Amino acid sequence: MTTSENEKKEKDRQQAEKRLDAGFNAYNDGKLDQASEAFGDAEIRFRMTGDFKRAGDCRAMIADIYEQNNALEQAINSYQRAIRHYQEADRPLLVASSELSRGHIERKLAHLDQAQDAYQNAQQIYRKQQNPKGLGNVELALGHIELQRANTAYAAEHYQDAITYFKEANEQTNEADAARSLADIQRMRREFTEAETGYKRALEIYQNTGDNYGIVDAQVGLGNIYTAQERFDEAAQILGDALARSGLIEYELGQADANLGLAEINFQQSNIDQTLIGAQSALQIYTDQHNSLGTANAGRLLGEVNLRRGQLAYANSIMDRTLRTYQAVSYRLGQAETSVVLGLIQFRRGFLSRAQQTLESAMKQANTLKDSQLETRALLGLGEVQRQKGELGPARNIFTEAHALAEKADERVGTPNIVLAEINLARLAILSGNLNDAEDYLDAAEAKTKQNTQAAQLLPAVLAMRGQLRQTEGDFAAAEALYSSAHNQAEALQQANLAVEALLGQGQARLAQGELEAAQNTFFEVGRQFQLLEDTNGDGLSVLGVAQVNIGQKQNDEALENCEAALIRFRQTDDQPSEADALLVRGLVQRANEAFDNAIGDFEQALRFYHQQRRPLGVADTRFARGAIYLLRKDFERAHDEQSKAIIQVERVMNSIKTPERWGTFLRQYAEQYADTTVTELQLNNDAQVSTLLQNFVKIAGKTEIVSYLQSYEESIPTAGEELSAEEIQTNTDLVKRLSQIRHRL
């Protein structure tokens with residue numbers, strides 16, 4: 001090489017050094033665009049002088065700047081150029097380091113296969129170079145990939161190998177990082193003792209090495225364990241310490257993690273306003289820091305909050321966005337968790353087909369992940385979908401399966417799900433007329449609410465379902481009191497939907513007690529609240545309640561209009577049990593209007609639904625209603641057939657009541673129907689059967705109500721008048737006489 005060439009090369013080298021220094025100065029001053037330009041100029045000059053190692057250093061710095069600016073694809077390209085420079089310079093360890101950095105960015109972009117290839121390239125080099133620290137870094141990174149793929153067993157193996165390598169290299173801080181990552185896996189598996197040991201080991205190392213960032217991360221991990229164990233005071237204290245420390249060192253992601261952990265505690269304790277503040281604060285930081293996983297985690301909690309508050313459209317939007325984020329970063333556990341909540345939201349909005357698909361997908365994901373808690377929650381949602389579709393048998397099987405799965409889980413996690421399963425099984429038992437079973441389920445559920453903090457928040461749901469049981473048994477005052485208690489407790493816990501459902505129950509109890517104005521006002525308020533909650537089905541139930549009030553007020557046109565409105569809503573949400581009830585009520589309105597053929601048509605449709613759903617009291621009410629029409633038409637044989645079949649259903653349900661003292665309360669609801677049956681039997685000259693029927697009724701329910709109805713019949717039967725023939729006068733007079741005799745013998 002000539003002298004002039006050497007001089008030029010030296011000049012280029014000096015200029016490259018100068019530009020490199022300028023790049024570092026600009027970088028340290030935060031002027032990243034100027035730094036990138038200077039590093040790029042220095043790279044070219046180093047490459048021209050043949051200094052490929054320094055050229056690689058410049059390109060690696062440019063990659064770092066791209067990463068800070070969230071220009072991740074450009075960062076990957078820059079690392080690939082740096083790798084080529086280092087290969088040219090024969091610097092294998094720098095090649096491996098750049099492959100690691102490239103892998104981290106590929107993983108951030110959810111390019112997991114490309115990230116794994118990069119890590120394995122680095123692994124081969126580190127093995128050849130016998131570099132334990134590098135091998136530990138690779139194992140740690142591979143563990144993160146397997147965790148993202150939800151392969152927790154493989155992830156744990158990689159983290160354990162990383163710990164071994166870091167110990168060999170005497171890299172304590174890195175060892176702490178691996179121990180903390182392994183503890184994350186153990187916490188997910190609910191291996192809390194092992195996880196707590198891992199976090200505490202990491203915390204000890206971080207404290208000894210003065211790594212404040214690591215201290216915060218370990219504290220957050222410990223706080224999350226204590227939250228899962230319902231050790232809320234300890235969790236709040238350590239997460240509060242983490243929040244304060246991260247603020248002092250300006251560790252924004254640590255602040256977000258601590259805030260989100262505290263928000264989770266508040267959510268578990270039903271402090272919903274504080275949950276909202278903490279989760280939104282965390283979300284803002286994650287968004288500013290372009291932390292996709294953190295953004296999704298905060299979004300998922302916010303979705304849960306809005307579901308609980310009844311803001312369904314907003315919750316749906318949040319969960320859709322959260323699910324897309326989890327999918328983008330290939331975080332399968334998050335996808336499964338979000339899918340369950342999304343399915344529950346879709347169910348509440350009345351989109352049953354979509355809810356079923358979403359929940360079935362979530363259940364499969366949870367099963368693959370071996371997350372029994374998540375699988376149980378998905379099963380509970382699927383059971384509710386089947387119930388609303390009128391598939392009560394399949395719903396019962398699903399809730400039973402969920403109950404069995406929850407029993408196998410850790411008591412703290414399993415107990416709330418067991419209570420939910422028992423509440424739902426009680427609801428099905430009430431619909432199916434097995435009131436003894438319903439009582440047993442509710443007794444078991446209420447006992448568990450006294451043993452578990454999370455289960456205690458389900459007490460309002462237990463009380464509301466017990467109110468429904470008492471309503472079915474005919475104890476309307478007790479039902480109203482239970483509904484009132486459930487409403488107040490649900491409001492205090494911000495359980496919006498349950499609070500309105502309990503208020504609906506109060507309206508139904510007031511209606512049953514004949515308090516028409518109070519019931520109507522309650523149903524109007526329920527309708528307003530269900531509309532705010534975007535609950536089409538609940539709105540339909542409130543409208544149907546108003547229709548029943550209209551019947552009591554003899555406002556048949558308004559009743560018919562409200563029945564039609566309720567039916568539209570129930571068909572929108574595919575709520576077949578409620579559709580059957582609405583058809584029965586509409587039939588009663590048609591009967592009151594003397595549109596008997598239309599009424600019988602409605603009763604036939606309702607009866608078909610009730611038979612499909614195996615709801616004996618629905619069958620009984622419909623048959624009694626149809627029998628009354630046949631009685632009016634003097635078709636006594638058909639009336640007798642309907643009434644006899646209805647009484648069989650009523651008495652079967654009565655015998656299922658756990659406490660015989662309640663049989664009378666239950667049976668008194670049917671005094672008018674038994675009186676109708678008495679008239680039918682007398683018209684057929686079945687006097688012996690009438691005597692047996694009434695004596696059995698009076699023995700259980702007393703005679704006050706039945707005597708009142710029989711007397712009303714006597715007074716309503718005409719025994720004189722020009723419009724009656726002599727034969728009709730004689731028949732009616734005889735009927736009145738026989739009714740009077742029977743009544744006085746009671």
Side-chain angles (χ1 to χ4, degrees), residues 150 187-190 227-228 230 264 267-268 270 275 296-297 299-308 312 315-316 318-319 322-323 326 331-349 351-352 354-388 394-428 445 448-449 452-458 461-462 493 495 497-498:
R187 175 168 56 84
M188 285 185 217
R189 292 174 174 172
R190 304 193 67 79
T227 300
E230 298 184 10
E264 181 65 38
F267 185 70
Q268 297 294 334
S270 292
T275 302
N297 290 336
R300 182 171 53 79
L301 183 55
L302 286 169
E304 293 261 25
V305 168
N306 285 283
L307 169 60
R308 185 159 175 170
L312 301 184
N316 200 111
I318 292 172
M319 284 310 199
T322 297
L323 183 58
Y326 280 134
Y331 187 57
R332 291 173 59 195
L333 179 59
Q335 291 176 49
E337 291 173 335
T338 306
S339 292
V340 170
V341 181
L342 188 57
L344 296 175
I345 293 169
Q346 291 165 344
F347 165 72
R348 287 270 300 280
R349 298 183 78 191
F351 305 141
L352 295 198
R354 284 167 55 187
Q356 183 168 346
Q357 292 174 1
T358 304
L359 288 166
E360 285 175 346
S361 173
M363 189 178 71
K364 290 176 184 175
Q365 293 177 58
N367 184 267
T368 301
L369 298 171
K370 295 181 173 56
D371 190 326
S372 62
Q373 179 187 6
L374 203 55
E375 186 177 356
T376 303
R377 196 177 183 195
L379 278 168
L380 290 168
L382 280 170
E384 291 207 70
V385 170
Q386 293 299 323
R387 175 186 55 77
Q388 186 155 314
R396 186 179 299 104
N397 294 338
I398 291 171
F399 288 131
T400 301
E401 182 182 352
H403 190 283
L405 191 59
E407 284 184 318
K408 297 176 183 177
D410 174 81
E411 184 178 347
R412 289 187 182 91
V413 174
T415 299
N417 286 330
I418 291 172
V419 172
L420 283 171
E422 287 170 342
I423 291 169
N424 281 291
L425 286 166
R427 185 199 301 271
L428 293 178
K448 292 181 181 68
T449 63
N452 180 284
T453 304
Q454 293 305 299
Q457 296 183 35
L458 298 172
V462 175
L493 293 169
Q495 297 171 352
N497 204 71
L498 179 58

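Side chains are part of it too, since the values below use all heavy atoms of this structure and drop only hydrogens, waters and symmetry mates. The model shown is predicted, which means the values in this text are computed figures rather than measured ones.
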Could you check whether any side-chain heavy atom of [X] comes within less than 4.5 Å of a side-chain heavy atom of [Y], counting everything from C-beta outward?
X    : Y    : result
E422 : F399 : no
Q457 : Q495 : yes
T275 : Q268 : no
L382 : E360 : yes

Which value, rounded to the nearest 0.5 Å, describes the distance between [X] atom [atom1] and [Y] atom [atom2]?
X    : Y    : atom1 : atom2 : value
Q346 : L344 : CD    : CG    : 9.5 Å
L359 : L380 : CG    : CG    : 10.0 Å
E304 : I345 : CD    : CD1   : 8.0 Å
L379 : N397 : CG    : CG    : 11.5 Å
R348 : Q388 : CZ    : CD    : 11.0 Å

Tell me whether [X] contacts the main-chain N or O of [Y] through its side chain, where contact means a donor paired with an acceptor under 3.5 Å.
X    : Y    : answer
N424 : L420 : yes
S361 : Q357 : no
N306 : L302 : yes
R377 : N417 : no

Looking only at non-hydrogen atoms, find the nearest pair between [X] and [Y] and report the distance.
X    : Y    : answer
V462 : A445 : CG2-CB, 4.0 Å
A409 : G414 : CB-CA, 4.1 Å
A366 : A336 : N-CB, 4.4 Å
H403 : I418 : NE2-CG2, 3.4 Å
A461 : I423 : CB-CD1, 3.7 Å

* Sequence-distant partners of R187, salt bridge (charged side-chain N to carboxylate O under 4.0 Å, His left out), two or more places apart -> D184
* To do: Please report the C-alpha distance between Q386 and Q356 in whole Å, then the side-chain angles of each, then the deciding distance to 0.1 Å, and finally whether the side-chain contact (heavy atoms from CB on, under 4.5 Å) criterion is met.
  => CA-CA 9 Å; Q386 293 299 323; Q356 183 168 346; 3.5 Å; yes
* Evaluate the side-chain contact (heavy atoms from CB on, under 4.5 Å) criterion for residues T415 and Q454: first the C-alpha distance (whole Å), next the side-chain angles of each, then the deciding distance (0.1 Å), finally the verdict. => CA-CA 8 Å; T415 299; Q454 293 305 299; over 6 Å; no
* Who passes side chain to side chain contact (heavy atoms under 4.5 Å, CB included) against Q335, sequence neighbours left out? ->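 For Q335, the residues satisfying side chain to side chain contact (heavy atoms under 4.5 Å, CB included) (neighbours in sequence not counted) are L323, Y326, Q327, R332, Q365.
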* To do: I would like to know whether L493 and R308 meet side-chain contact (heavy atoms from CB on, under 4.5 Å); could you show each step before the answer?
  => CA-CA 9 Å; L493 293 169; R308 185 159 175 170; 3.9 Å; yes
* To do: With sequence neighbours left out, write down each residue that passes side chain to side chain donor-acceptor pair (under 3.5 Å) with E230, or none if nothing qualifies.
  =>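 T453.
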